[in-house]
Number of protein chains: 2
Amino acid sequence: MEKRNYVECTKVLLPLRDALDVISGKWKLPILIAINHGNKRFREIERSIPKITTKVLAKELKDLEEHKLIKRTVYDSSPVLIEYSTLPYAGTLDKVVEELVDWGINHRKQVLGK
Amino acid sequence: MEKRNYVECTKVLLPLRDALDVISGKWKLPILIAINHGNKRFREIERSIPKITTKVLAKELKDLEEHKLIKRTVYDSSPVLIEYSTLPYAGTLDKVVEELVDWGINHRKQVLGK
DNA sequence: AATGCTGATTACTTATAGGTAACTGATATA
DNA sequence: TATATCAGTTACCTATAAGTAATCAGCATT
(Lines give C-alpha, C1' and ligand atoms only; values in the text may rest on other atoms or scores of the structure.)
Protein backbone atom coordinates (compact mmCIF):
# COMPACT_ATOMS: atom_id res chain seq x y z
CA MET A 1 0.00 0.00 0.00
CA GLU A 2 1.44 3.31 -1.05
CA LYS A 3 0.48 6.50 0.57
CA ARG A 4 -0.50 9.05 -2.02
CA ASN A 5 -0.60 12.49 -0.52
CA TYR A 6 -2.14 14.19 -3.51
CA VAL A 7 -4.89 13.51 -6.00
CA GLU A 8 -3.86 12.09 -9.37
CA CYS A 9 -5.04 14.10 -12.36
CA THR A 10 -2.56 13.39 -15.13
CA LYS A 11 -5.26 11.81 -17.27
CA VAL A 12 -6.65 15.29 -17.73
CA LEU A 13 -3.36 17.15 -17.62
CA LEU A 14 -1.74 15.28 -20.50
CA PRO A 15 -4.32 15.96 -23.23
CA LEU A 16 -4.64 19.51 -21.95
CA ARG A 17 -0.92 19.97 -22.42
CA ASP A 18 -1.18 18.59 -25.97
CA ALA A 19 -3.90 21.09 -26.78
CA LEU A 20 -2.06 24.02 -25.23
CA ASP A 21 1.08 23.13 -27.19
CA VAL A 22 -0.83 23.61 -30.42
CA ILE A 23 -2.92 26.67 -29.69
CA SER A 24 -1.11 28.60 -27.02
CA GLY A 25 0.98 31.59 -27.81
CA LYS A 26 -0.18 35.00 -28.72
CA TRP A 27 -0.92 34.54 -32.39
CA LYS A 28 -2.11 31.10 -33.54
CA LEU A 29 -5.79 31.46 -32.73
CA PRO A 30 -5.97 35.07 -33.96
CA ILE A 31 -4.50 33.93 -37.29
CA LEU A 32 -6.98 31.07 -37.61
CA ILE A 33 -9.81 33.48 -36.89
CA ALA A 34 -8.56 36.03 -39.40
CA ILE A 35 -8.42 33.37 -42.10
CA ASN A 36 -11.86 32.07 -41.16
CA HIS A 37 -13.23 35.58 -41.52
CA GLY A 38 -12.14 35.56 -45.14
CA ASN A 39 -8.65 36.96 -45.04
CA LYS A 40 -6.73 34.68 -47.38
CA ARG A 41 -3.71 36.60 -48.59
CA PHE A 42 -0.59 37.16 -46.50
CA ARG A 43 -1.01 40.94 -46.39
CA GLU A 44 -4.73 40.70 -45.69
CA ILE A 45 -4.11 38.50 -42.69
CA GLU A 46 -1.33 40.80 -41.57
CA ARG A 47 -3.53 43.90 -41.77
CA SER A 48 -6.47 42.24 -40.06
CA ILE A 49 -4.49 41.42 -36.91
CA PRO A 50 -3.40 44.54 -35.05
CA LYS A 51 0.27 44.62 -34.00
CA ILE A 52 1.30 41.40 -35.67
CA THR A 53 4.58 41.59 -37.58
CA THR A 54 5.58 40.07 -40.90
CA LYS A 55 8.15 37.85 -39.27
CA VAL A 56 5.84 36.42 -36.64
CA LEU A 57 3.06 35.88 -39.15
CA ALA A 58 5.34 33.99 -41.52
CA LYS A 59 6.57 31.75 -38.73
CA GLU A 60 3.15 31.03 -37.26
CA LEU A 61 1.67 30.25 -40.67
CA LYS A 62 4.33 27.58 -41.07
CA ASP A 63 3.53 26.11 -37.66
CA LEU A 64 -0.18 26.02 -38.44
CA GLU A 65 0.54 24.29 -41.74
CA GLU A 66 2.66 21.68 -39.97
CA HIS A 67 -0.12 21.05 -37.50
CA LYS A 68 -2.49 20.44 -40.44
CA LEU A 69 -4.73 23.32 -39.46
CA ILE A 70 -4.28 25.41 -42.61
CA LYS A 71 -3.06 24.95 -46.13
CA ARG A 72 -1.05 27.19 -48.41
CA THR A 73 -2.05 27.28 -52.05
CA VAL A 74 0.10 28.78 -54.79
CA TYR A 75 -1.80 29.95 -57.87
CA ASP A 76 0.44 29.98 -60.90
CA SER A 77 -0.83 33.28 -62.19
CA SER A 78 1.23 36.32 -63.00
CA PRO A 79 2.17 37.51 -60.51
CA VAL A 80 1.92 34.38 -58.41
CA LEU A 81 -0.90 34.50 -55.92
CA ILE A 82 -0.77 32.75 -52.58
CA GLU A 83 -3.80 31.88 -50.54
CA TYR A 84 -4.13 30.48 -47.06
CA SER A 85 -7.22 28.59 -46.02
CA THR A 86 -8.23 26.58 -43.01
CA LEU A 87 -8.45 22.80 -43.31
CA PRO A 88 -11.47 20.86 -41.98
CA TYR A 89 -9.41 19.86 -38.96
CA ALA A 90 -9.26 23.50 -37.87
CA GLY A 91 -13.02 23.35 -37.52
CA THR A 92 -12.59 21.08 -34.53
CA LEU A 93 -11.22 24.12 -32.72
CA ASP A 94 -14.33 26.20 -33.34
CA LYS A 95 -15.98 25.30 -30.07
CA VAL A 96 -12.79 25.99 -28.13
CA VAL A 97 -12.49 29.40 -29.78
CA GLU A 98 -16.15 30.17 -29.24
CA GLU A 99 -15.88 29.36 -25.54
CA LEU A 100 -12.75 31.46 -25.22
CA VAL A 101 -14.31 34.44 -26.95
CA ASP A 102 -17.47 34.24 -24.84
CA TRP A 103 -15.36 33.96 -21.73
CA GLY A 104 -13.28 36.94 -22.78
CA ILE A 105 -16.36 39.08 -23.43
CA ASN A 106 -17.73 38.27 -20.00
CA HIS A 107 -14.35 38.67 -18.32
CA ARG A 108 -13.96 42.15 -19.77
CA LYS A 109 -17.35 43.13 -18.39
CA GLN A 110 -17.05 41.49 -14.97
CA VAL A 111 -13.40 41.77 -14.03
CA LEU A 112 -11.69 44.34 -16.18
CA GLY A 113 -14.56 46.70 -15.40
CA LYS A 114 -16.02 47.10 -18.87
CA MET B 1 -15.58 55.70 -49.20
CA GLU B 2 -12.59 53.89 -47.80
CA LYS B 3 -11.19 50.88 -49.43
CA ARG B 4 -10.70 48.14 -46.92
CA ASN B 5 -8.45 45.43 -48.28
CA TYR B 6 -8.99 42.99 -45.46
CA VAL B 7 -11.85 41.72 -43.37
CA GLU B 8 -12.32 43.30 -39.95
CA CYS B 9 -12.38 40.84 -37.08
CA THR B 10 -11.19 42.76 -34.05
CA LYS B 11 -14.54 42.28 -32.34
CA VAL B 12 -13.57 38.64 -31.95
CA LEU B 13 -9.85 39.17 -31.58
CA LEU B 14 -10.08 41.50 -28.59
CA PRO B 15 -12.03 39.25 -26.21
CA LEU B 16 -9.96 36.30 -27.37
CA ARG B 17 -6.83 38.20 -26.42
CA ASP B 18 -8.33 38.97 -23.01
CA ALA B 19 -9.04 35.29 -22.45
CA LEU B 20 -5.62 34.16 -23.62
CA ASP B 21 -3.95 36.70 -21.33
CA VAL B 22 -5.59 35.02 -18.35
CA ILE B 23 -5.26 31.35 -19.19
CA SER B 24 -2.32 31.04 -21.51
CA GLY B 25 1.05 29.88 -20.37
CA LYS B 26 2.06 26.39 -19.47
CA TRP B 27 0.71 26.21 -15.94
CA LYS B 28 -2.45 28.17 -15.12
CA LEU B 29 -5.03 25.67 -16.35
CA PRO B 30 -3.14 22.67 -14.96
CA ILE B 31 -3.10 24.36 -11.56
CA LEU B 32 -6.82 25.10 -11.68
CA ILE B 33 -7.49 21.50 -12.61
CA ALA B 34 -5.29 20.15 -9.84
CA ILE B 35 -7.14 22.26 -7.27
CA ASN B 36 -10.50 21.22 -8.69
CA HIS B 37 -9.48 17.60 -8.32
CA GLY B 38 -9.11 18.14 -4.60
CA ASN B 39 -5.51 19.17 -4.19
CA LYS B 40 -5.68 22.08 -1.77
CA ARG B 41 -2.31 22.38 -0.10
CA PHE B 42 0.73 23.91 -1.79
CA ARG B 43 2.73 20.68 -1.75
CA GLU B 44 -0.23 18.60 -2.88
CA ILE B 45 -0.71 20.81 -5.90
CA GLU B 46 3.00 20.73 -6.56
CA ARG B 47 3.15 16.93 -6.46
CA SER B 48 0.05 16.49 -8.59
CA ILE B 49 1.49 18.45 -11.52
CA PRO B 50 4.47 16.69 -13.09
CA LYS B 51 7.54 18.90 -13.67
CA ILE B 52 6.17 22.04 -12.08
CA THR B 53 8.60 23.83 -9.79
CA THR B 54 8.05 25.53 -6.46
CA LYS B 55 8.91 28.91 -7.86
CA VAL B 56 6.58 28.74 -10.83
CA LEU B 57 3.75 27.37 -8.71
CA ALA B 58 4.09 30.18 -6.17
CA LYS B 59 4.05 32.80 -8.91
CA GLU B 60 1.12 31.32 -10.82
CA LEU B 61 -0.96 30.93 -7.66
CA LYS B 62 -0.53 34.66 -7.06
CA ASP B 63 -1.61 35.44 -10.62
CA LEU B 64 -4.69 33.22 -10.31
CA GLU B 65 -5.58 34.91 -7.03
CA GLU B 66 -5.29 38.35 -8.64
CA HIS B 67 -7.54 37.23 -11.45
CA LYS B 68 -10.14 36.17 -8.87
CA LEU B 69 -10.02 32.55 -9.97
CA ILE B 70 -8.80 31.06 -6.69
CA LYS B 71 -8.59 32.08 -3.07
CA ARG B 72 -5.93 31.45 -0.47
CA THR B 73 -7.14 30.66 3.03
CA VAL B 74 -4.87 30.74 6.07
CA TYR B 75 -6.05 28.57 8.96
CA ASP B 76 -4.65 29.85 12.22
CA SER B 77 -3.83 26.44 13.57
CA SER B 78 -0.47 25.27 14.77
CA PRO B 79 1.28 24.98 12.49
CA VAL B 80 -0.54 27.34 10.17
CA LEU B 81 -2.35 25.58 7.39
CA ILE B 82 -2.86 27.12 4.00
CA GLU B 83 -5.50 26.00 1.57
CA TYR B 84 -6.18 27.00 -1.98
CA SER B 85 -9.61 26.64 -3.50
CA THR B 86 -11.23 27.71 -6.71
CA LEU B 87 -13.74 30.55 -6.63
CA PRO B 88 -17.11 30.29 -8.40
CA TYR B 89 -15.72 32.45 -11.20
CA ALA B 90 -13.25 29.68 -12.08
CA GLY B 91 -16.24 27.52 -12.90
CA THR B 92 -16.89 29.71 -15.92
CA LEU B 93 -13.73 28.19 -17.39
CA ASP B 94 -14.97 24.62 -17.05
CA LYS B 95 -16.39 24.47 -20.55
CA VAL B 96 -13.24 25.93 -22.04
CA VAL B 97 -11.14 23.35 -20.22
CA GLU B 98 -13.47 20.53 -21.18
CA GLU B 99 -13.28 21.50 -24.85
CA LEU B 100 -9.50 21.75 -24.68
CA VAL B 101 -9.13 18.36 -23.02
CA ASP B 102 -11.45 16.71 -25.54
CA TRP B 103 -9.58 18.35 -28.37
CA GLY B 104 -6.26 17.21 -26.92
CA ILE B 105 -7.46 13.61 -26.59
CA ASN B 106 -8.57 13.56 -30.20
CA HIS B 107 -5.47 15.38 -31.42
CA ARG B 108 -3.24 12.79 -29.78
CA LYS B 109 -5.15 10.01 -31.53
CA GLN B 110 -5.47 11.65 -34.93
CA VAL B 111 -2.31 13.67 -35.40
CA LEU B 112 0.30 12.57 -32.92
CA GLY B 113 -0.44 8.98 -33.91
CA LYS B 114 -1.85 7.62 -30.68
C1' DA C 1 12.79 55.65 -64.46
C1' DA C 2 10.87 55.69 -59.87
C1' DT C 3 7.73 53.97 -56.67
C1' DG C 4 4.99 50.58 -54.47
C1' DC C 5 2.88 46.16 -53.82
C1' DT C 6 3.44 41.06 -53.31
C1' DG C 7 5.15 37.26 -49.97
C1' DA C 8 8.23 36.76 -47.63
C1' DT C 9 13.69 36.22 -45.30
C1' DT C 10 17.56 37.74 -42.56
C1' DA C 11 20.28 39.64 -38.76
C1' DC C 12 20.05 41.70 -34.57
C1' DT C 13 18.00 42.88 -30.18
C1' DT C 14 14.85 42.77 -26.22
C1' DA C 15 11.45 40.82 -23.18
C1' DT C 16 9.48 37.28 -20.74
C1' DA C 17 8.69 32.61 -19.35
C1' DG C 18 10.55 29.20 -17.20
C1' DG C 19 14.31 26.19 -14.98
C1' DT C 20 18.07 25.25 -11.15
C1' DA C 21 19.33 25.15 -6.79
C1' DA C 22 20.01 26.80 -2.45
C1' DC C 23 17.83 28.54 1.57
C1' DT C 24 14.34 30.43 5.10
C1' DG C 25 11.71 30.04 9.79
C1' DA C 26 8.38 27.69 12.09
C1' DT C 27 6.87 23.30 13.55
C1' DA C 28 6.72 18.21 14.01
C1' DT C 29 8.63 13.65 14.24
C1' DA C 30 12.20 9.95 15.25
C1' DT D 1 19.61 16.29 18.71
C1' DA D 2 18.89 15.37 13.95
C1' DT D 3 15.87 15.17 10.32
C1' DA D 4 11.74 16.23 7.75
C1' DT D 5 7.72 18.88 6.37
C1' DC D 6 5.31 23.09 5.43
C1' DA D 7 4.85 27.20 2.40
C1' DG D 8 7.24 29.50 0.22
C1' DT D 9 11.63 33.19 -1.28
C1' DT D 10 15.86 34.43 -3.50
C1' DA D 11 19.51 34.84 -6.91
C1' DC D 12 21.06 33.35 -11.02
C1' DC D 13 20.78 31.45 -15.63
C1' DT D 14 18.76 29.85 -20.12
C1' DA D 15 15.58 29.23 -23.74
C1' DT D 16 12.14 30.89 -26.39
C1' DA D 17 8.91 34.34 -27.95
C1' DA D 18 8.57 38.36 -29.96
C1' DG D 19 9.94 43.09 -31.75
C1' DT D 20 12.83 46.17 -35.09
C1' DA D 21 14.39 47.13 -39.24
C1' DA D 22 16.44 46.29 -43.44
C1' DT D 23 16.36 43.62 -47.60
C1' DC D 24 14.85 40.48 -51.51
C1' DA D 25 12.92 39.40 -56.44
C1' DG D 26 9.07 39.82 -59.38
C1' DC D 27 5.66 42.51 -61.16
C1' DA D 28 2.43 46.69 -61.74
C1' DT D 29 1.50 51.41 -61.63
C1' DT D 30 2.63 56.35 -62.24
Side-chain angles (χ1 to χ4, degrees), chain A residues 2-7 13 16-17 20-32 34-35 38-67 70-85, chain B residues 2-7 13 16-17 20-32 34-35 38-67 70-85:
Chain A
E2 319 163 31
K3 186 180 168 193
R4 183 184 283 143
N5 42 11
Y6 63 95
V7 183
L13 296 184
L16 177 73
R17 173 64 39 86
L20 289 178
D21 283 348
V22 175
I23 65 149
S24 81
K26 221 171 160 181
W27 302 113
K28 292 197 179 65
L29 291 182
I31 291 168
L32 284 178
I35 297 175
N39 298 291
K40 293 169 177 303
R41 315 276 302 274
F42 191 92
R43 296 295 178 201
E44 285 173 8
I45 300 168
E46 191 177 16
R47 281 188 292 258
S48 69
I49 304 173
K51 311 263 181 180
I52 201 169
T53 62
T54 327
K55 193 197 99 177
V56 168
L57 179 56
K59 185 225 162 209
E60 299 286 301
L61 285 171
K62 277 181 196 156
D63 285 2
L64 291 169
E65 219 188 327
E66 274 170 25
H67 282 113
I70 62 170
K71 76 166 191 285
R72 182 178 180 276
T73 311
V74 183
Y75 291 100
D76 203 8
S77 51
S78 172
V80 277
L81 173 72
I82 285 148
E83 276 191 5
Y84 291 93
S85 53
Chain B
E2 317 165 31
K3 185 181 167 195
R4 183 183 282 143
N5 43 9
Y6 63 95
V7 183
L13 296 184
L16 177 75
R17 173 62 40 86
L20 289 178
D21 283 349
V22 176
I23 65 149
S24 82
K26 219 171 158 180
W27 303 112
K28 291 196 180 64
L29 290 183
I31 292 168
L32 284 177
I35 297 175
N39 297 292
K40 295 169 177 299
R41 313 277 300 274
F42 190 92
R43 297 294 179 203
E44 285 174 10
I45 300 167
E46 191 176 17
R47 283 189 291 260
S48 69
I49 304 173
K51 311 263 182 178
I52 201 168
T53 62
T54 325
K55 192 197 99 178
V56 168
L57 179 57
K59 186 227 162 209
E60 299 287 300
L61 285 170
K62 278 179 196 157
D63 286 1
L64 290 169
E65 219 187 326
E66 274 170 26
H67 282 112
I70 62 170
K71 77 165 190 286
R72 181 177 180 274
T73 311
V74 183
Y75 291 100
D76 204 6
S77 50
S78 173
V80 279
L81 174 72
I82 286 151
E83 275 192 6
Y84 291 93
S85 52

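So you know, we letter chains A, B, ... as the sequences are listed, proteins then strands, and number each from 1. Predicted model, so just to flag it, every value in this text is computed and none were measured.
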inquiry  = Tell me whether R17(A) contacts the main-chain N or O of K26(B) through its side chain, where contact means a donor paired with an acceptor under 3.5 Å.
reply    = yes
ask   = What is the distance from CD1 of I31(A) to P of dA18(D), rounded to the nearest Å?
value = 10 Å
inquiry  = Quick check on dC6(D): is either OP1 or OP2 less than 4.0 Å from any side-chain nitrogen or oxygen of Y84(B)?
reply    = no
query = Looking at R41(B), does any N or O in its side chain come under 4.0 Å of the phosphate oxygens OP1/OP2 on dG8(D)?
reply = no
task = Please report, rounded to the nearest Å, how far the C1' atom of dT9(C) is from the CG atom of L61(A).
result = 14 Å
inquiry  = How would you summarise protein contacts on nucleotides 13-22 of chain C per nucleotide, using B for base, S for sugar-phosphate only and - for none, with heavy-atom distances below 4.0 Å?
reply    = -----BBB--
L57(B) to F42(B) - nearest heavy-atom pair and separation = CD2-O, 3.6 Å
key: Contacting residues from residues 76-83 of chain B, given that a heavy atom lies under 4.0 angstrom of DNA chain C   = S78(B), P79(B)
task = Answer yes or no: does a side-chain N or O of Y75(A) lie under 4.0 Å from OP1 or OP2 of dT6(C)?
result = no
Can you give the donor-acceptor pairs under 3.5 Å from side chains of residues 71-84 of chain B to other protein atoms, not counting sequence neighbours?
unit_1: R72(B); atom_1: NE; unit_2: Y84(B); atom_2: OH; d: 3.3
unit_1: S77(B); atom_1: OG; unit_2: P79(B); atom_2: O; d: 2.9

Distance below 4.0 Å between R47(A) side-chain N/O and dC5(C) OP1 or OP2 = no
ask   = If you take all heavy atoms of K28(B) and V22(B), which pair is closest and at what distance?
value = CD-O, 3.0 Å
ask   = Rounded to the Å, how far apart are I45(B) CD1 and dT5(D) P?
value = 18 Å
